[in-house]
Amino acid sequence: MPKLREILGHPFWQAVALLVAAYLLFKWGIAVLPPLVGFPSAPVPQSVVLQYMLTALVGILIYVSYNEARWRRFKEPINATLVDANKRWLRATLLVLVPALVGFVAYDQSRPKVSAPLQLRSIHPAPPGQITVRGRTIRLAGLENPLRSRGTIEEHSREGRRVYYQNCLPCHGDLLDGKGHFAHGFSPTPLAFDDAGTIAQLTESFVFWRIAKGGPGLPREGAPWNSAMPAWEDFLTEDEIWSVIIFLYEQSGWEPRRWEVEERAEGAGHE
Amino acid sequence: MSRVVGWKEGTMETGLIALVMVLAIIPSFHLSAQDIERGKAVYEKWCTGCHGDTGAGDGDAAAYMLPRPRDFRRAVYQIRTTASGELPTDDDIRHVVDQGMPGTAMTGWKSRLTSGDRDAVIAYIKSFSRFFDGAPPQSVDFPSAPRISDDGIAEGARIYGELECFKCHGDRGRGDGTSAPTMSDDWDFPIRPTDLTRPWTFNGGAEVEDIYRAIRTGLDGTPMPSFSDVIDAEIITDEQLWRVAQYVHSLAPGRPRVREVIRAGRTARVPDDPTDSAWVEAEAFYVPLVGQIIVSPRWFTPAVDGIWVRALHDGERLALHIAWSDPSASPDPLWQEWIELLATTVTDADGALEPVQGPDRFTIQFPARLSDGMARPYFLGGDRRRPAYTWRWRSSPDQLEVGTSTGLGQFVAGAGAASDVAHQAVFADGQWQLQVTRTLIPRDTSAAPTFAEGVAIPIAFRAADGSSGETHVRGSVSAWYAIYLDAPISATVFVMPVVATLVTAGFGLLVVWRAQRREGTRRFLPEATCDIFSSSRCSDSWHAAAAKLAHRPATRMLVPLSSRSAAPRSPA
């Protein structure tokens, strides 16, 4: 135990422990811990981890050098490794391993790598102000699902179910998880409606635009050349599209985003 | 209901008999009305789209699938541990509900429905047929599998021939047997014998046990019989049936990993034809194909659902080798019956399928311009702004066209000299092998793209089976993939790591040397080198030196903690 206390009290090992803890925190902690208390989070990209680590390193160096004695104690193990007789094997091992590691990293960086050409795309690109569907011009801003103000939701949902199973199922799947029996053939893979980041975040008018115009109607940042989403205006009537939208929300249990909220949040951003 | 009616109308005796019968039936349900309600709710939300409100397998999506969704009213189930003609056990049904049926549109529900919901929906599914009212079915006892061996697999291959499995599944297992064109299921829908080289499409699963079960109990409702009677008649033993299952399992690897980049390895000289042995050694890349369901007429039941791509180049020419299973070299008169049955089965949502066979087709496309930044032609045959440089092969007459495509079926021949591109196609044992070869630099560089080494070039594929009425539009398609021509490895790849290693090692030695000199121990490089790589001979002097160091007063330098503890034992 005294040995452990000595190690814990030693600035060098404290610095090492802090560095390891910082790395674990940046690499996994940020992604894993906030969700445990209900906050959404995401993994930190490697380049950002590197930046954070540099900052942490500077902080740790300040900590170990804030007085002369501590700074000297901090350097002791380093110095010992460099000169001590009984550290000869450690020294020799480091002198072989570190250059070998550097050599390997250099090889890994310079060897030819086979990777697919980069394809960046925006998943929810900004919609146009208006679209023309089957010869009729429709203004998207403020547009509501017209079926919600006539007939019953059950009726529209039943019709939407027919439309979905005859058209959408092969890609978007029974489970609305974007894993239908044809989904594996396309890249990007079809959207999962059970995901909190798709239709749950969108207004019905946005979904209407995406269905009516499909992949070919995407702006350039949406990489329209890769999308397998058909332009459904070629196959479905306006009412069929609105009914399948009702089915999507009924079947997934999500609520569409409403315009009131949207406009308050984003002002005239959709003009 | 009929029993209840009998009780009302009949005498006391018949009434009593009916009561006894009803009482006998009730325990086999193990179900309350509440469970049925729950099962009905689950079924109506998730299952009716395919299986229909009344369980008849006639939901909205039914005509858009092949095989069709199960008709529960007839209680005929493919995947069973029970004897042929028997009902499945609850566990058999649960297996399919949980895992889904590979090779069909049936998905696995384990992730979506709770265990209780799945139990309830299984009970509800069974309620579509009175056959389940009787005693619960019993599983067949399967003896355990013999250990897999080369001899065992050879034995399995022999039994495969003896049982005439090849009549449907073909000599090489590709589902191209002589009976294949005439197959239909119990509902008179066309059905293909399973392609045994594609285990990821086996309806009941691809493990040896799954294959054994399918052979032993048969796939009821399909032409696949049970081979239990062959064992009962002592024509073959149970162990030999296991050998067949092991042989079938050996015909193909597991589900291939799909990789986005197809590598064209560098070779001294590219092969001349698709049967060249060099192709066997070349790395094979699996590319899944799915139905073209994007532009009219859509095609929901594609015949070709995946291809194997191999690529080689020799610095002068690029050769592509494509292999895919197809039971016929179309058009083939034997398959006329098949296409006629297919035409009456598949949906006519985008126009009826004409029962006319065309040739088999295969299309390979690249961007016409490779210098377009991130932008590419539309993956489905290109578009007017960005056309696709396209190779279109057809089997009959055997012909390859080179041209530019601005959409599916929008093809104009002539992108540079067609003589740039050579091809050869071979059909054997239910498989097409197609080789296409072109010079890396086309004769007219303004008309066709140049294939440069060391960059990923977008590439996409389409296939069509003429005997299934497929065309350029009705067929199967792939997403964009990429092909990468291996470049000669430059010298820097090897020089850089060596330089980096040497510089780092030198720097390390310098640091050690300086630190030791600062200690004032007059130990210069030779001794330091001795220190680093020493055997016990030099270590003695070092221990002595360290001991001396440890006892010197630390005025200018620090005595390391660890050397202090090492000091006392060093003089020994």
Side-chain angles (χ1 to χ4, degrees), chain A residues 72 75-77 79-80 82-88 91-92 94-96 98-100 102-107 109-112 114-120 161-162 164-166 169-171 173-175 177 179-182 184-187 215-216 220 223-226 228 230 234-235 251, chain B residues 46 49-50 59-61 64 105 107 112 260-261 263 288-291 293-296 300 349 374-379 454 456 458 478-480 482 484 487 489 492-493 496-498 500-501 504-505 508-509 511-512 515-516 519 531-534 539 542-543 545-546 558 560-563 566:
Chain A
R72 258 187 267 140
K75 290 191 297 181
E76 273 170 13
N79 207 43
L82 292 177
V83 299
D84 270 16
N86 66 345
K87 296 271 188 301
R88 149 182 354 99
R91 178 154 63 242
L94 287 176
L95 276 173
V96 173
V98 173
V102 169
F104 175 77
V105 170
Y107 169 72
Q109 293 288 318
S110 59
R111 82 192 158 90
V114 181
S115 59
L118 193 63
Q119 287 283 299
L120 301 170
R161 175 185 295 274
R162 178 192 68 74
Y164 184 86
Y165 274 84
Q166 292 182 345
L169 180 78
C171 294
D174 279 301
L175 281 58
D177 58 356
K179 291 181 183 154
H181 55 287
F182 283 176
H184 66 284
F186 298 119
S187 173
R220 197 186 144 90
W225 45 84
N226 288 335
D234 298 344
F235 297 97
Q251 187 82 344
Chain B
W46 297 107
C50 298
D60 292 324
Y64 294 75
T107 190
R112 162 59 75 171
E260 216 183 329
V261 180
R263 274 183 87 158
L289 263 54
V290 294
I293 49 169
I294 294 153
V295 301
S296 186
F300 294 89
M374 211 176 69
R376 297 170 175 181
Y378 187 38
F379 81 103
S478 83
W480 276 121
Y484 180 94
I489 296 169
T492 53
V493 174
M496 280 304 291
V498 173
T501 307
T504 315
L509 284 172
V511 168
V512 170
Q516 297 192 348
E519 299 282 319
D531 172 30
I532 293 157
F533 304 106
S534 73
S539 67
W542 272 95
H543 282 292
L558 281 152
L561 203 65
S562 45
S563 76

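In what follows, every heavy atom counts, from backbone to side chain, and hydrogens, waters and symmetry copies are set aside. Here is how names work: the chains are called A, B, and so on, in the same order as the sequence lines, proteins then strands, and each is numbered from 1.
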Any side-chain heavy-atom pair from [X] and [Y] closer than 4.5 angstrom?
X: Tyr165(A); Y: Cys50(B); result: yes
X: Lys179(A); Y: Thr107(B); result: no
X: Tyr64(B); Y: Pro170(A); result: no

If I compare all heavy atoms of [X] with all of [Y], which pair ends up nearest, and what's the gap?
X: Val493(B); Y: Arg111(A); result: CG1-CA, 3.9 Å
X: Trp46(B); Y: Asp174(A); result: CZ3-O, 3.4 Å
X: Leu82(A); Y: Val512(B); result: O-CG1, 3.5 Å
X: Ile294(B); Y: Ala228(A); result: CG1-O, 3.2 Å
X: Ser110(A); Y: Met496(B); result: OG-CB, 4.3 Å

In terms of heavy-atom proximity below 4.5 Å to chain A, should [X] be classed as side chain, backbone, both, or neither?
X: Arg376(B); answer: both
X: Ala349(B); answer: neither
X: Val498(B); answer: neither
X: Ala482(B); answer: side chain
X: Ser478(B); answer: backbone

Can you say whether [X] sits under 4.5 Å from chain B via the side chain, the backbone, both, or neither, judging by heavy atoms?
X: Asp234(A); result: neither
X: Ala223(A); result: neither
X: Leu175(A); result: both
X: Leu120(A); result: both
X: Phe235(A); result: side chain

Contact winner vs chain B - Pro77(A), Gly103(A), Pro224(A), Cys171(A), heavy-atom pairs under 4.5 Å: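 Greatest number of close heavy-atom pairs with chain B: Gly103(A).
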Can you tell which of [options] has the highest number of heavy-atom pairs within less than 4.5 Å of chain A?
options: Pro288(B), Pro497(B), Ala479(B), Ala61(B); value: Pro497(B)
options: Ser296(B), Ala375(B), Gly454(B); value: Ala375(B)
options: Ala105(B), Gly508(B), Gly59(B); value: Ala105(B)

To the nearest 0.5 Å, what is the distance between CG on Leu289(B) and NE2 on His184(A)?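 The CG atom of Leu289(B) sits 8.5 Å away from the NE2 atom of His184(A).
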Within this structure, what is the CG-CZ distance for the pair Asp177(A) and Arg112(B), rounded to the nearest 0.5 Å?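 Asp177(A) atom CG to Arg112(B) atom CZ measures 7.5 Å (nearest 0.5 Å).
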Can you name the residues that form a ring-ring contact (aromatic ring centres under 6.0 Å, His included) with Phe186(A), not counting sequence neighbours?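 ring-ring contact (aromatic ring centres under 6.0 Å, His included) list for Phe186(A), sorted by chain: empty.
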For Tyr378(B), ring-ring contact (aromatic ring centres under 6.0 Å, His included) partners two or more places apart: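 By the ring-ring contact (aromatic ring centres under 6.0 Å, His included) rule, Tyr378(B) matches no residue at all.
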